[in-house]
Amino acid sequence: MRLNKDRIKRDIIKELQTERAINIDEASKLDIYYALSSLMKNYIYENWLKTNRQYIRNSEKQVYYFSMEFLMGKLLVSNLINIGIKDICQEALKELNIDLNEIEEIEKDQGLGNGGLGRLAACFMDSMASIGVPGHGCGIRYSYGLFEQKIVDGYQVEFPDKWLQNENPWEIKRKEKSVKVKFGGNVRVIEEDGRLKFIHENYESVLAVPYDTPLVGYKNKRVNTLRLFSAEAMEQDFDFSNFSRGKYIEAFEYKHSIESISQVLYPDDALEAGRNLRLKQEYFLVSAGIQSIMRTFKKLKKPIEDFHEYIAIHINDTHPALAVPELMRILMDEENLGWDEAWNITANTISYTNHTIMSEALEKWDVEMFKSLLPRIYMIISEINERFCRELWNTKYYGDFDKISQMAIIAHNQIRMAHLAIVGSYSVNGVAKLHTELLKKQELKDFYDYYPYRFNNKTNGISHRRWLIKSNPKLTELINETIGRDWINLPTKLRKLLKYRNDPAFQERIYQIKQNNKIKLSNIIREKNGIDVDPGSIFDIHVKRLHEYKRQLLNVFHIMYLYNSLRENPHFDIYPRTFIFGGKAAPSYNMAKQIIKLINTLADKVNNDSRIKDKIKIVFMENYGVSLAEDIIPAANVSQQISTTTKEASGTGNMKFMMNGAITLATLDGANIDIKNAVGEENIVVFGLNEKEFLELYRSGSYNSMELYNNDIRLKTILNQLKGGFFSVKKDELSIIYDSLIKHNDEFFVLKDFDSYVKAQKKIENLYRNKPKWREMSIVNIGSSGVFSSDRTVYEYATGIWKMNLHNGYY
Ligand code: 26V
């Protein structure tokens, strides 16, 4: 289809008339948004059909990425970019007196994820379509995404995220493709033709209704599918005859309880883990997804024994690990295969990514609860466990009860999902070099010793289309002008920018673009927070979920130190800085919520203290999410990536910031290490304990935070300020922070790394004062960021794990 500006103009006007019965001059922004998105779908659908037809016709291997979270953000502009018509569309709209940015504002973020893991899934969807991997997402269509955060009197307050309040124009409901998911009941075992048969009865059925969203590849005519399932009561169960029997209310209660399965996304929250509804969600996703894959597979008319030659199922963390027993169930109970055949297919189909080493996030299910919710699946897991333990006994660990019980899938009345995922898959990967090494050396050492060939690393990545082309159009323009456009299909070509690292004219343009982005962000801050910030100050940014290991506290303590120094000595010399925070705390994570309160309390005090003459400003931006990130990241000078070493599996925000020219202030943790290797140590500022020092201190148990408190007057002052009188907050308000650092010995080594952090911050300041140096560093970061495109990551998954033949020109 040939599209040009005039055609788009005509189409918009016609769309408004025929679909919304309205003339363009009467149309609201919402009308225009709907008209535009429906136009987009018209432009997309032919390629969508073609892609699907081609996949079936050529029997190309398909990968299904199973994830409980897809943090997609907004789709309008990214679809325009990928179709290749953003510029002409923007011009067409302009001629109709419409500003595309204002229309984009109308779209609600699709916020069906918590943070890193969900956003990674979304970047992977974009990259799969763009580099030509036949890959699809499989997830849950939650009615409510992650809660909306408001800050009231300095505290986080949660509100429901009603993202579906207006119709979602990108999805297509496919009721006819619904499948049935069964819960509860009992299993009767009978013998038939010399074989055991398992009859599941008295179960409760839930209808899984798919909603498909097109995933448009970048200018390649390829459109993959994101399939999200919504839970509905089966009509015959939600029986209208109940009305006549006087069970009207009960019928509705039943319907409501079924539909609750896809109502709400769980906020990443250790306390919420282990709940019955969460387990229902996980099985719902997996069962619906695999049944739907089975249907597609049948269309290929290939022998079931070859299933794994045509299908790869990837599980995003252990949340969809029930894919292992569910695929076994379908192959045995529905396709009549024997155990060994079914196992061979399953363990060659499924691959697994681990996203965290924090032990409280490792999923475990109570056996009793599990058995009553999923009786047949429990039987299959028991059998997998028995066979696995027997194998260990007969091979490597004869007589070693301890080892076997440590590695068992079921032990101490719990089902360990990570063990199930490893045993039932052919590949296990970590998400950055250090993370994978830690999995091999520590967290999953037993499994690495037993299955060394299964373990591999796939360093995370981000979509450069969303995080550079979409979010930073001016920088994109400059790059195109300077080195051409082939970096878009092969992002490592950004390296060509390195040639200009010392070119004063180029440096000046890089600076101007950053300045403009800072001005834009300052305007947003003025509008949202009512705070005036100086775009000439250093924008020092710390945005991510609130968690103790991410150490927002360390940042706060440094600010308190600067503030105290300025109050003591008005001539204390610092370069003006704006410290920007953003991030949600899990609703029941008290400590994290107290840290938010502390940031806001400190902000109030500092921002209104005329004695420090605006040298420091602190801003907490509420409701951090994908769209806000797109405004914040391009405006950053400093990217704070300061987690306690070994705790952050990878981080992906770190990559987004460097790609936009920010300098990373980092501990040697997660992908910060990979970033350091890419940019060289003179283009990143590193501080704190390294992995070895951290582990030594941790293991020896010799760390004593009280000593640091007593010996460092800066820390003593700050901690005392938390305890009494300095902030006008309720008595004991911030004392849990004090207690965690002093009474509970500072689990995340905030005090330990403080001195080194202050020095690193001083170094940042000195570098910033040296303008050519800072600009050069910034260019080196942009130029070295190509390897962190998720195109590279997905390419490595496709060739290294999913064993796909990619025939495109890029890689
Ligand atoms: C755990 C739970 C448990 C209770 C219910 C909801 C829920 C949701 C998520 C999680 C664990 C999330 C793990 C995670 O997000 N890991 C992050 O993955 C990123 C992508 O690989 C990585 O960059 C981050 O470093 C890592 O923390």
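Whatever order the structure lists them in is the order used to number ligands and atoms, beginning at 1.
Annotation: Asp268 places no N or O atom under 3.5 Å from an N or O atom of ligand 1; distance criterion only. Between Ser650 and ligand 1, an N or O atom pair is found at a separation short of 3.5 Å. In terms of N/O distances under 3.5 Å, ligand 1 is not approached by Gly116. For a threshold of 3.5 Å applied to N or O pairs, the pair formed by Arg278 and ligand 1 contains no separation below that value. Where the criterion is an N or O separation shorter than 3.5 Å, residue side chain and backbone included, Lys550 fails it with respect to ligand 1.
Arg278 and Glu282 are joined by a salt bridge, as a carboxylate oxygen and a charged side-chain nitrogen come within less than 4.0 angstrom of each other. Residues Arg466 and Asp126 are not paired through a salt bridge, judged by the lack of any N-O separation under 4.0 Å between the basic side chain and the carboxylate. A salt bridge is defined here as a Lys NZ or Arg NE, NH1 or NH2 lying under 4.0 Å from an Asp or Glu carboxylate O, and Glu691 with Lys441 meets this definition.
Nearest residue to atom 21 (O) of ligand 1 from Met68, Arg275, His355, His547 is His355 (criterion: closest heavy atom). If you check each of Val431, Ile462, Asn654, Asn460 against atom 20 (C) of ligand 1, the one with the closest non-hydrogen atom is Asn460.
Shown in contact with Tyr549 at under 4.0 Å from a heavy atom are these atoms of ligand 1, numbered in order with element: 27 (O). Ligand 1 places these atoms under 4.0 Å from at least one heavy atom of Gly651: 22 (C), 23 (O), 24 (C), 25 (O). Listed by number with element, the atoms of ligand 1 under 4.0 angstrom from any heavy atom of Ala649 are 25 (O).
Contacts classified as salt bridge (charged side-chain N to carboxylate O under 4.0 Å, His left out) and involving residues 587-596 (residues at least two apart or in different chains) are given here: Glu158-Lys593. Residues in residues 645-657 take part in these salt bridge (charged side-chain N to carboxylate O under 4.0 Å, His left out) pairs, two or more places apart or across chains: Lys550-Glu648.
Looking at heavy atoms from C-beta onward, Tyr218 lies out of side-chain contact with Ile131 at the 4.5 angstrom threshold.
For the pair Arg454 and Tyr451, the cation-pi test (distance below 6.0 Å, angle within 45°) is passed.
Using a non-hydrogen distance threshold of 4.0 Å, Gly670 does not register as a contact of ligand 1. A heavy-atom separation below 4.0 Å is found between Glu69 and ligand 1. Residue contacts with ligand 1 include His319, since one or more of its heavy atoms lies under 4.0 Å from the ligand.
Between Phe748 and Tyr549, the angle of the ring planes lies from 30° to 60°, which puts this pair in the tilted group.
Looking at Asn114 against ligand 1, only its side chain comes within 4.0 Å, counting heavy atoms.
The neighbour count for Gln442 CD, taken as heavy atoms of other residues, nucleotides or ligands under 6.0 Å away, is above 12.
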